[in-house]
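Since the structure comes first, as structure tokens, the remarks are kept for the end.
Proteins come first, then strands; the chains are lettered A, B, ... in the order of their sequence lines, and each starts at number 1.
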Amino acid sequence: MPELPEVETIRRSLAPHLPEDVIAAVPLLDPHAVAEPSPEAIVGIAPGKRVTGIHRRAKYLVIALEAHNLVVHLRMSGRLRLDRPVEDMRYLRAQWNFASGRVLCFYDVRRFGRIWLVDDDRLAALFAPLGPEPFDPALTVAALQDRLARRTAPLKSLLLDQRIIAGLGNIYVDEILFASNLHPRRPAGSLAEAEVARLLDATRSILQAAIANGGTTFDAVYRDAEGRPGRYRSHLSVYGRAEEPCLTCGAPIQRIVVAQRGTHFCARCQS
DNA sequence: CTTTAAACCTGCTGGC
DNA sequence: TGCCAGCAGGTTTAAA
């Protein structure tokens with residue numbers, strides 16, 4: 001579910017509230033949701049720790065504590081909710097109580113989401129495989145072209161690969177490829193410099209617009225930490241619009257499967 | 001190393 | 001109404 005714009009929106013909805021607050025207790029933690037260290041260690045280490053900041057790297061949310069980092073990846077169906085445990089309690093997987101009385105709840109229907117509690121060194125190791133953030137100034141057209149060079153896999157596959165560029169997911173890759181007029185099955189290494197430039201521009205403008213609109217909500221799954229849905233869905237050009245007319249040329253939007261993911265594109269506009 | 005497929009989970013929708 | 005196939009916004013692991 002959540003891609004970079006959704007995680008960034010959650011980050012922004014938590015940032016005014018959690019910093020300087022102190023974790024008082026971890027009254028509930030589904031062992032299945034814990035990546036590392038052990039559930040017992042998380043429950044033991046977290047209490048007494050003060051929140052020093054809320055950060056995001058790719059699709060990871062990082063709640064920085066003193067000498068530790070509480071990391072959450074929502075994967076497909078995870079949600080974070082502040083203060084109001086209004087969701088189905090069957091899916092409550094973790095809860096943090098703060099000294100102020102605030103409560104942070106982690107819900108996850110499909111149980112793909114994961115939680116880490118790691119020090120700074122381990123955090124760096126965890127993030128080491130990730131490619132650059134889309135807004136990293138070091139990600140120039142030449143740098144992106146270099147990362148795609150000589151690769152024969154479909155362009156969409158590499159854009160979903162977090163080691164190439166970090167933070168994109170199925171919705172935004174389809175939208176970015178449409179905005180770039182690039183076919184999702186184009187061999188990634190075949191792009192000319194001008195095409196990579198279009199791709200990078202589209203990546204940044206679409207993510208920026210999605211963040212400005214609080215992300216994309218489908219089927220009521222995604223909400224920010226205060227329960228607000230995203231407003232970007234009405235801006236989508238291809239994702240979820242199979243059989244509907246292309247907004248540019250009127251041809252029906254196609255749905256195919258690429259990299260085992262439903263893929264939406266305009267066969268007339270994208271090549 | 002690169003690429004592709006399967007696995008991990010649960011719930012919902014549509015067809016028969 | 002009931003059952004089953006197919007689908008879902010992500011990542012990891014195995015296999016080719």
Side-chain angles (χ1 to χ4, degrees), chain A residues 1-10 30-36 56-61 71-80 87-94 106-116 125-131 146-178 184-190 206-207 210-211 213-224 229-243 255-264:
Chain A
M1 159 192 99
E3 308 179 31
L4 187 155
E6 288 73 35
V7 180
E8 177 61 21
T9 301
I10 291 169
D30 176 4
H32 185 90
V34 175
E36 71 173 78
R56 178 193 59 74
R57 174 76 168 102
K59 304 173 193 173
Y60 293 86
L61 184 78
V71 183
V72 178
H73 197 303
L74 301 172
R75 294 279 175 87
M76 291 290 268
S77 59
R79 294 163 70 155
L80 285 169
E87 313 196 14
D88 192 326
M89 298 295 279
R90 284 179 299 170
Y91 309 128
L92 179 61
R93 310 297 184 193
F106 170 63
Y107 300 87
D108 189 14
V109 170
R110 293 178 66 181
R111 309 180 84 199
F112 288 160
R114 289 293 181 270
I115 297 163
W116 296 253
L126 187 66
F127 291 167
L130 295 173
D146 198 51
R147 299 180 87 80
L148 302 175
R150 292 174 297 283
R151 300 294 295 265
T152 60
L155 179 57
K156 172 160 179 171
S157 296
L158 290 208
L159 294 178
L160 288 172
D161 185 338
Q162 302 298 297
R163 298 169 298 185
I164 302 296
I165 179 168
L168 306 183
N170 206 37
I171 292 180
Y172 296 110
V173 166
D174 280 4
E175 294 298 311
I176 288 163
L177 289 171
F178 175 76
R185 285 194 172 130
R186 267 290 289 281
S190 74
I206 284 172
L207 292 180
I211 291 168
N213 282 276
T216 303
T217 295
F218 257 90
D219 306 329
V221 174
Y222 162 73
R223 291 285 196 283
D224 74 10
R231 303 176 306 283
Y232 194 70
R233 180 173 183 177
S234 61
H235 297 260
L236 298 179
S237 296
V238 288
Y239 187 88
R241 296 193 65 245
E243 309 302 327
R255 183 190 180 282
I256 60 176
V257 174
V258 179
Q260 303 184 96
R261 313 298 298 277
T263 297
H264 315 74

Once you apply the 3.5 Å cut-off to both distances, tell me the Watson-Crick or G-U wobble partner of C:dG9, or none.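 Partner of C:dG9: none.
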
Whom does C:dC3 pair with, Watson-Crick or G-U wobble, provided both distances fall under 3.5 Å? B:dG15

Stacking check: are the rings of A:Tyr222 and C:dG9 less than 5.5 Å apart at their centres and under 30 degrees in tilt?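 The ring of A:Tyr222 is not stacked on C:dG9.
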
Is there a donor in the side chain of A:Tyr222 and an acceptor in the side chain of A:Glu3, or the other way round, less than 3.5 Å apart?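 The criterion, which ignores hydrogens and geometry beyond distance, is not satisfied for A:Glu3 and A:Tyr222.
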
Starting at [atom1] of [X] and ending at [atom2] of [N], how long is that distance when rounded to a whole Å?
{"X": "A:Asp161", "N": "C:dT13", "atom1": "CG", "atom2": "C1'", "result": "14 Å"}
{"X": "A:Arg79", "N": "C:dG9", "atom1": "CZ", "atom2": "P", "result": "16 Å"}
{"X": "A:Leu61", "N": "C:dG10", "atom1": "CG", "atom2": "P", "result": "16 Å"}
{"X": "A:Leu160", "N": "C:dG9", "atom1": "CG", "atom2": "P", "result": "10 Å"}
{"X": "A:Lys59", "N": "C:dG10", "atom1": "NZ", "atom2": "C1'", "result": "6 Å"}

Contacts of type side-chain contact (heavy atoms from CB on, under 4.5 Å), residue A:Ala94, not counting sequence neighbours: A:Leu29, A:Trp96, A:Phe106, A:Ile115

If you restrict it to nitrogen or oxygen atoms, what contacts under 3.5 Å exist between nucleotides 6-8 of chain C and the protein, and what is each distance?
residue: C:dA8; atom: OP1; partner: A:Arg255; partner atom: NH2; Å: 2.8
residue: C:dA8; atom: OP2; partner: A:Arg255; partner atom: NH2; Å: 3.3
residue: C:dA8; atom: N3; partner: A:Arg110; partner atom: NH1; Å: 3.1

Whole-Å C1' distance, C:dG9 and B:dT3: 23 Å

Please identify which of these residues, A:Thr263, A:Leu155, A:Leu168, A:Leu158, meets the side chain to side chain contact (heavy atoms under 4.5 Å, CB included) condition with A:Val173. A:Leu168

Using a heavy-atom cut-off of 4.0 Å across all strands, would you classify A:Asp219 as base, sugar-phosphate, or nothing? base

When you get a sec, tell me which of B:dT10, C:dG10, B:dC9 is the closest nucleotide to the side chain of A:His32?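 It is B:dC9.
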
